[in-house]
Amino acid sequence: MIKKHIFLFALALTAVLNQSFAQVPYNSAISNGPSKNATVSEQIGLTQVTITYRRPAVNGRGGKIWGGLVHEGFTKQGFGFNNPAPWRAGANENTIIEFDKDVKVEGQILAKGKYALFIAYYPLESTIIFSKKTDAWGSFFYDEKDDVLRVKVKPMQLKNSVEWLRYEFSDQKPNSAMILLEWDNLAIPFKIEVDALEQQFEALSAELKNPRGFTWQGFNIAANWSLQNNYKLEQGFAWADFGISNFGGNQQFLSLATKSRLLEKLGNISEADKTIKQALPLGNINEIYQYGRQLLGLKKMKEALEIFKFNYDKNPTQFIALIGMSRGLSENGDFKQALEFAIKALPLAPNEPNKQLAQSMIDKLKLGKEVN
């Protein structure tokens, strides 16, 4: 009798344990249903954007996903909080999107951090929802009180069906990208924007507090970035001046040339002229040549020719100085004299690529074409 009771107790305990274990998710190392784990991560500007999600398959349900398997709007699902809830924007656990810096989503500010991503689907206009509750299963425990941001977007028809749900980055620009959820015959896009210039400015500022900040080169890189991007020019000038005043930049052509151009941008023409005159004797032939080419790129034709002439007067028998004169004269419309300098440069070419460059310039100038 005792043995029978022990057997019945063990049988009942086994049934209870089996029922309990059936309700506990498997360890992540074990496949949890037919959906695939996926992570996609890319930089927009200097902001890292990472999406972690589950990829369900259409699996023969083409045309029955949107408005069918993915319900429209908000619906009670009969489990969890049983609040009207959106779609989980994937399968199984919450779809998670993370930003390591502040961003704008469809023009609205969203602070850096980790968010659960939900979608209230409607065929004409859907709502993307960013929630601070990131550790739930699906949207069964969704609560609108956890919403941090909602944005409206328009679904798009796809030319080709997508079997496995995916998130993709597209239309990428230096400061923005579109993120698209694609599944079956539909895509739901939302735009992410960052302040790329401000992020780069902050990164440069931080670098100057580290070893790079103890060299004139570090300050010149930062100042030249400000100049090239026409961004916070006063700070760019301060960087240039600090590198010149404290780390020997006053003996370097590159740092003085950067300061000169910043002075010009800030409207101090007389100081800009004075600084470039101080810089020129310090430059080597290649530095001066490249500076002349920069001026050509800025459409400063006369100023560039003056720089090329300084280089030629200092190095009259050097290939690069002769080529510089040819470029400067050509851009100023003097093809005849430009041709004479290109012909002089040809036999002095130090290698085959430079020989081809000089010959190409000669051929163009003979036809009355500019060479830059």
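Residue numbers run from 1 in the order of the sequence given. On a predicted model such as this, the values are computed, not experimentally measured, just so you know.
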task: For the residue pair Gln199 and Thr47, confirm or rule out a side-chain donor-acceptor distance under 3.5 Å.
output: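 A donor-acceptor contact under 3.5 Å links the two side chains.
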task: Verify whether one side chain among Thr258 and Asn220 offers a donor that lies under 3.5 Å from an acceptor in the other.
output: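 On atom types as modelled, these side chains qualify, holding a pair under 3.5 Å.
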query: Which residue pairs pass the salt bridge (Lys or Arg N to Asp or Glu O under 4.0 Å) test when at least one of the two sits in residues 185-196, sequence neighbours left out?
result: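 Of all non-adjacent pairs touching residues 185-196, none passes salt bridge (Lys or Arg N to Asp or Glu O under 4.0 Å).
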Are the side chain of [X] and the backbone N or O of [Y] linked by a donor-acceptor pair below 3.5 Å?
| X | Y | answer |
| --- | --- | --- |
| Ser260 | Leu256 | no |
| Ser41 | Val49 | yes |
| Trp66 | Trp183 | yes |
| Asn83 | Tyr142 | yes |

- request: Drop me the distance from Tyr115's OH to Ile96's CD1, to the nearest 0.5 angstrom.
  value: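 Output value for this atom pair is 12.0 Å.
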- request: Taking ring-ring contact (aromatic ring centres under 6.0 Å, His included) as the test, write out the residues that go with Phe253, two or more places apart.
  value: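 By the ring-ring contact (aromatic ring centres under 6.0 Å, His included) rule, Phe253 matches Tyr291.
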message: Once ring-ring contact (aromatic ring centres under 6.0 Å, His included) is applied, do any residues pair with Phe141, and if so which ones, sequence neighbours excluded?
response: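 Residues passing ring-ring contact (aromatic ring centres under 6.0 Å, His included) with Phe141: Phe81.
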Looking at [Y] and [X], is any side-chain nitrogen of the basic one under 4.0 Å from a carboxylate oxygen of the acidic one?
| X | Y | result |
| --- | --- | --- |
| Glu93 | Arg54 | yes |
| Asp273 | Lys277 | no |
| Glu198 | Lys101 | no |
| Lys133 | Asp135 | yes |

query: Are any of the side-chain heavy atoms of Trp87 and Tyr121 separated by less than 4.5 Å?
result: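 With C-beta onward as the side chain, the pair stays apart.
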- prompt: Does Trp239 have its ring centroid less than 6.0 Å away from the ring centroid of Phe201?
  reply: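 That pair passes the under 6.0 Å test.
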field: Whether over 12 other heavy atoms sit under 6.0 Å from Lys314 NZ
entry: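 Result for NZ/Lys314: enclosed.
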message: Whether Lys344 engages the ring of Phe341 as a cation-pi pair (distance to the six-membered ring centre under 6.0 angstrom, angle to the ring normal within 45°) should be assessed.
response: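 Yes, cation above the ring, under 6.0 Å and within 45°.
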